[in-house]
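Only heavy atoms go into these numbers, but all of them, side chains included; no hydrogens, no water, no symmetry mates.
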Amino acid sequence: MEFKRIFLVVLDALGVGEATDAISYNDEGVNTLGNLLKEKNLFLPNLKKLGLLSTLSMNNEETEAYYTIARPRNKGKDSLSGHYEMMAIENNISYKNFGENGFPRDLLETIVRETRKGIIGNLVGNHESVLEKLGDRHLETGSLIIYTTGDSNLEVAAHESIIPINELYEYADKIRQITKREEWKVGRVIARPFTGESGKYIFTNNTKYFTLTPPNKSVLDILKENNYQVISIGKINDIYNGHGITKIMKSTCNSEGINKLTEVMEKNFDGLCFVNLSDFDTLYGHKRDIDGFAKELEALDVEIPILLNKLNIDDLLIITADHGCDPTMPGTSHTRENVPVIVYSRLFKEPKQIEILESLADIGATIIDNFKLEKPWMGTSFLDKLK
């Protein structure tokens, strides 16, 4: 069975139960989807039909799509590690996460010395709360606002009238170089310009990510080298630092990402459309917002029939996640979890549960197998399981 177009949708942070090595990450008992269902009476009829809820029990339930779970193999529980593994990039580095106590003093002192700019903050929190706490002080001092959302990131924010956008990018790039050192190596440095006045500060669309270059060739690179389209929606391009991407489509929220996806579905192309829906993670998981996470899942469920109806007969849809971020757990960090893998096509005659995948890289290997290209060294295709 071969497919002309593959749509890979990552529900960022929607884990489905603790990984076998969760104890080494202090993540016993985590289960983003399972614990949400215990807390909220979620109405997810369409996702249930596709087998999403069945990934929690793996009891061979009747569904309209193939379903299973994938176990993480790469080290770490950040977005970079999960997405890297998905596209057959091995990562043996646990990117640094400073979501518990903030950044160390020696890192902050190095940033001040290298940028020759004062800094304020060193907070762990969500974007809006950081602006509420530090926006006025930034206007008074002109200092860079430094914070983390609890992911493996370092956020640097400034008002566009105080520090011009390109100047902020320069500071962020210098901080990226500093944080390539092993003891400070975060997955992403993110420049976040904002505008507005006291009590009404808002981030603009001029956010820019400074990520790391993938350590080896990925499935995306193989596709691009063989003249297949690789369309990025959301933060996918930023995660892979532009490598292997042929078209970039930005989105600022889940609903916009889904709208961009439906636009692409109406186009004629051969290859992969790779989508990240990040609101589950950034807006609700890190904030431990159970109600918000639940409502966002229900909003996605409403969109599922629309997406399925736009699929051509020779299209393949894969829905998965990159890690967990259990909102019922203490703290603000990601959680080390298995991820769901839902595979749907109109061609399928007998969709069912398939064997547990030993790596997220099996997804990338299946995509490569579909297009009959060179096999990536990491991952095992399950294409022959789809009937």
Exercise. Any chance the side chains of Asn237 and Ser232 put a donor and an acceptor closer than 3.5 Å?
Worked result: no
For this session: Assess the side chains of Glu61 and Ser54: does a donor N or O sit below 3.5 Å from an acceptor N or O?
Result: yes
Exercise. Okay, side chain of Tyr171, backbone of Ile163: is any donor-acceptor separation there less than 3.5 Å?
Worked result: no
Problem set entry | Test: Lys185 cationic atom under 6.0 Å from Tyr95 six-membered ring centre, within 45° of axis | no
For this session: Count the heavy atoms belonging to other residues, nucleotides or ligands that lie under 6.0 Å from CD of Glu62, then report whether that count exceeds 12.
Result: no
For this session: Indicate if Met58 and Leu56 have the same hydrophobic cluster label, given that clusters are the connected sets of ILVMFWY residues with side-chain heavy-atom separations under 4.5 angstrom.
Result: yes
Problem set entry | Between Ser81 and Asp78, a side-chain donor and acceptor under 3.5 Å | yes
Problem set entry | Residue of the set Leu14, Val16, Val339 for which side-chain contact (heavy atoms from CB on, under 4.5 Å) holds with Thr55 | Val16
For this session: Working to the nearest 0.5 Å, report the span between CG of Asp369 and CD of Glu374.
Result: 13.0 Å
Exercise. Looking just at side-chain N and O atoms, do Thr148 and Asn153 make a donor-acceptor pair shorter than 3.5 Å?
Worked result: yes
Exercise. Does one side chain, of Gln177 or Lys174, offer a donor that lies under 3.5 Å from an acceptor on the other?
Worked result: no
Exercise. Around atom CD1 of Ile165, are there more than 12 heavy atoms of other residues, nucleotides or ligands at under 6.0 Å?
Worked result: yes
For this session: May I have the step-by-step check of salt bridge (Lys or Arg N to Asp or Glu O under 4.0 Å) for Lys77 and Asp27, ending in yes or no?
Result: CA-CA 11 Å; Lys77 52 182 180 178; Asp27 280 339; 2.8 Å; yes
Exercise. Does Lys4 NZ have over 12 foreign heavy atoms under 6.0 Å away?
Worked result: yes
Problem set entry | Pair Asn206, Glu160: side-chain N/O donor-acceptor within cut-off below 3.5 Å | yes
Problem set entry | Exercise: do Thr110 and Glu114 side chains pair donor with acceptor under 3.5 Å | no
Problem set entry | Mutual orientation of the aromatic rings belonging to Phe274 and His83 [parallel < 30°, tilted 30-60°, perpendicular > 60°] | tilted
Exercise. Is there a donor-acceptor contact under 3.5 Å linking the side chains of Glu85 and Ser359?
Worked result: yes
Exercise. Would you say the side-chain atoms of Asn216 and Glu90 include a donor-acceptor pair closer than 3.5 Å?
Worked result: no
Exercise. Between His127 and Tyr147, does the ring centroid distance fall short of 6.0 Å?
Worked result: yes
Exercise. With under 30° as parallel and over 60° as perpendicular, where do the rings of Phe293 and Tyr284 fit, or are they tilted in between?
Worked result: tilted
Exercise. Can you tell me if Tyr344 uses its side chain to pair, donor with acceptor, with the backbone of Glu64 under 3.5 Å?
Worked result: no
